[in-house]
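Below, read A as the first sequence line, B as the second, and so on, with proteins coming before strands; counting in each chain starts at 1.
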Amino acid sequence: MVVTTQWLESLAEPSGLLADIQKIGRIYLSESGLPQSSNEEWRFANLKKLEEFLSLKMEATNRKDKNTTFETSSIHKAKDSLRIVIDKDFTFLKTIELPQGIRLLSNEEIRGFLNHMVAEESLLEKWQLAINHASARQIIAIHITNSNKQKIELIIKTLEDSLCSNRLLIVVDQKADLELLEVVQGSNSSANSHLVEIYLREEASMNHGLIALGNGNDIYLGQTAVVQEPNSNYAFTSVVSNWKFLRFCPSINQIKGKANTKLRGLQVSQEEQQLSTHSKMIFNGPQGRFDQLQKTLAADKSHSIFNGKITVPKSAQKTDASQLSRNILLSRKARIDTKPELEIIADDVKCAHGATVSQLQEDELFYMQSRGISTHQSTQILLKGYFQEIIDCLPLNPSRWLVIDKLLESI
Amino acid sequence: MINTDAKIILDISDLHAEVENQPILRGVNLQIRAGEIHAIMGRNGSGKSTLAKVLAGHPAYKVISGKVIYQGKDLLSFEPEERSRLGIFLGFQYPIEIPGVSNLEFLRVSSNARRKKLNKKELDTFEFEDHVRNKLSIVQMDPAFLDRSVNEGFSGGEKKRNEILQMALLEPEVSILDETDSGLDIDALRIVAAGVNQLSTPTTATILITHYQRLLNEITPDFVHVMASGKILRTGDKKLALQLEKSGYDWIDNDSTNNDLT
């Protein structure tokens with residue numbers, strides 16, 4: 001409790017557009033303190049890492065005196081895309097000319113949507129939400145208005161020895177189509193609270209990707225909450241690796257069912273890292289479709305956690321959902337906890353789920369060795385194949401970010 | 001092709017090996033000269049496939065005693081990948097499927113490992129694509145299989161063709177083909193056998209492990225060996241295979257108590 005109180009006291013007074021939300025978050029935290037391991041959702045979490053998270057000072061208003069190790073200017077922009085680099089005050093967005101079909105939401109609209117999204121709070125993990133509420137000072141709020149495919153690349157820089165809180169709101173209009181790639185890279189002893197809220201109107205489509213690569217000594221707390229109206233399509237691919245502590249919660253609500261959702265996740269941990277993904281899929285109407293593939297790889301003494309919740313209430317008849325969790329343990333000292341959590345009340349549904357945990361297959365390794373390929377190279381090729389299936393689903397030509405090379409380098 | 005003046009490429013003497021503490025090979029002796037084709041036959045569990053895997057260096061098989069001299073070197077002292085680079089090729093009975101790994105890339109990396117050892121120029125993706133396309137005709141393989149994951153979703157015949165394609169690319173000195181004929185229809189068997197025949201040269205040798213005479217109608221062996229209880233019990237020419245086809249292996253039960261019959 002002391003840690004939480006000290007952290008709350010270190011924050012600047014609530015102000016600006018998010019002042020009310022900041023107050024809500026702070027009140028929650030001052031009452032709840034840190035999560036307890038008796039809470040099922042946090043039972044595996046290394047709670048000491050949360051104390052470390054809260055021991056970091058919020059980012060300085062003037063970021064120039066801080067170092068970020070993430071150099072992106074040499075990585076060319078995806079074709080026809082808008083690149084937004086978050087490394088300074090977000091107000092710069094108001095000064096740039098946005099492509100036709102993309103506009104910033106007004107403060108009034110933001111308030112309306114935030115109130116609306118608050119109604120979807122059950123989607124979000126309360127403590128993580130409160131941290132972001134309490135600390136985020138700015139919000140990027142984007143409205144995608146026309147049906148031409150829009151492409152946005154959002155690059156989020158973290159700062160050494162600092163805690164950064166970012167919030168993003170995206171509204172995709174009826175029949176509009178968006179490809180969004182978020183790229184986050186950690187800096188030494190940094191921490192990041194990242195909240196993304198997405199509202200997809202009827203027949204809207206979104207292909208969403210997240211590449212979040214730490215430097216081994218940093219913390220990432222991320223939530224992505226999506227509300228889907230009927231006949232919308234949402235595909236989300238996340239690749240997370242190399243954070244000292246990561247907790248990532250993608251959650252989707254098909255508010256009237258009859259929408260398509262596809263989740264692809266890759267989580268790679270090493271050393272003594274703890275990475276966890278807690279996904280939540282809620283169907284609040286019939287004929288929803290959901291397809292999830294979550295892959296993890298745990299090396300060294302790391303701990304990888306996946307919890308996949310699917311809720312199918314009585315109203316969600318004819319739901320068709322599948323979830324597969326595939327896991328590779330690369331070391332005897334690594335640990336993987338994977339748990340499907342299905343709550344199905346409706347009786348006319350298909351809900352398949354499966355989980356596998358294995359080591360690299362000895363037969364595959366020997367086959368490659370018998371073709372002259374060394375153990376090290378065979379391992380790299382096999383892992384590359386394992387990663388590729390997920391990485392290929394990322395939007396906007398992800399090979400520019402050398403994700404596979406970075407993953408292999410860190411193992 | 002028997003040429004008693006040809007050099008001995010592979011010399012196996014008194015080889016004993018086990019898997020999970022179960023002795024499987026109990027004193028295998030076999031000499032192979034350049035240019036020769038040897039067939040090894042025998043019942044299930046006689047040790048044929050174990051011999052193949054031990055020669056290729058499978059980590060699950062432990063050599064207890066004996067020697068294998070390959071090109072004058074102690075073969076057993078090398079890691080599996082080094083054996084391949086030195087020219088030992090094992091054609092798998094059940095080729096392994098590797099999802100997510102492109103067949104073309106796998107073949108390229110594998111081929112380059114051998115080429116490097118032979119002091120040949122390693123090939124980049126484009127050069128290799130031309131190189132491999134020239135080899136596809138040996139096994140009449142559809143180029144579309146190059147773009148798929150290694151053996152994933154291949155039929156039994158396609159997997160075996162892919163094995164022989166690898167043999168063609170690796171240009172081995174000694175090829176050990178473990179039941180290459182299993183699961184093949186007669187047309188596929190002929191294609192695969194023709195590939196093996198095309199790749200056999202006076203300087204290389206082939207060991208065919210098989211249950212059936214029908215493969216030996218397509219690839220004529222110089223020697224036929226019968227394995228039982230982990231050793232070679234009898235050696236003859238191709239007539240021995242025909243004899244086995246007629247009489248089966250029941251005679252082994254009497255012979256196996258008499259080691260002198262080898």
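Environment of NZ in A:K77: crowded, with over 12 heavy atoms of neighbouring residues, nucleotides or ligands closer than 6.0 Å. For A:K339, the NZ atom counts as densely surrounded, since its 6.0 Å shell holds more than 12 non-hydrogen atoms of other residues, nucleotides or ligands. Around CD of B:E127, the count of heavy atoms belonging to other residues, nucleotides or ligands within 6.0 Å exceeds 12. Within a 6.0 Å radius of NZ in B:K121, more than 12 heavy atoms belonging to other residues, nucleotides or ligands are found. No more than 12 heavy atoms of other residues, nucleotides or ligands lie within 6.0 Å of CD in A:Q359, so this atom counts as exposed by the packing criterion. No more than 12 heavy-atom neighbours from other residues, nucleotides or ligands sit within 6.0 angstrom of OH on B:Y94. For B:R114, the CZ atom counts as densely surrounded, since its 6.0 Å shell holds more than 12 non-hydrogen atoms of other residues, nucleotides or ligands.
Of the two parts of B:L170, only the side chain, counted from C-beta on, holds a non-hydrogen atom closer than 4.5 Å to a non-hydrogen atom of chain A. Proximity to chain A is limited to the side chain of B:F89, based on heavy atoms less than 4.5 angstrom apart. For B:E82, no part lies near chain A; criterion is any non-hydrogen pair under 4.5 Å.
Residues of residues 370-389 of chain A having a heavy atom under 4.5 Å from any heavy atom of chain B, listed by number: A:S370, A:R371, A:G372, A:I373, A:S374, A:T375, A:Q377, A:I381, A:L382, A:G385. Residues of residues 137-167 of chain B that come within less than 4.5 angstrom of chain A, heavy atom to heavy atom, are B:V150, B:N151, B:E163, B:Q166 in numerical order.
Here the shortest heavy-atom pairing between B:P80 and A:F366 reads CB-CE1, 4.0 Å. Closest approach of B:E97 to A:E364, counting heavy atoms only: O-OE2, 3.5 Å.
The residue among B:E105, B:R85, B:H58 with the most heavy atom pairs within less than 4.5 Å of chain A is B:H58. In terms of heavy-atom pairs under 4.5 angstrom with chain A, the leader among B:V109, B:L107, B:I96 is B:I96.
Using bins of under 30°, 30° to 60° and over 60° for the plane-to-plane angle, the ring pair A:Y367/B:F92 lands in the perpendicular bin.
Rounded to the nearest 0.5 angstrom, B:E81 CD and A:L365 CG are separated by 10.0 Å.
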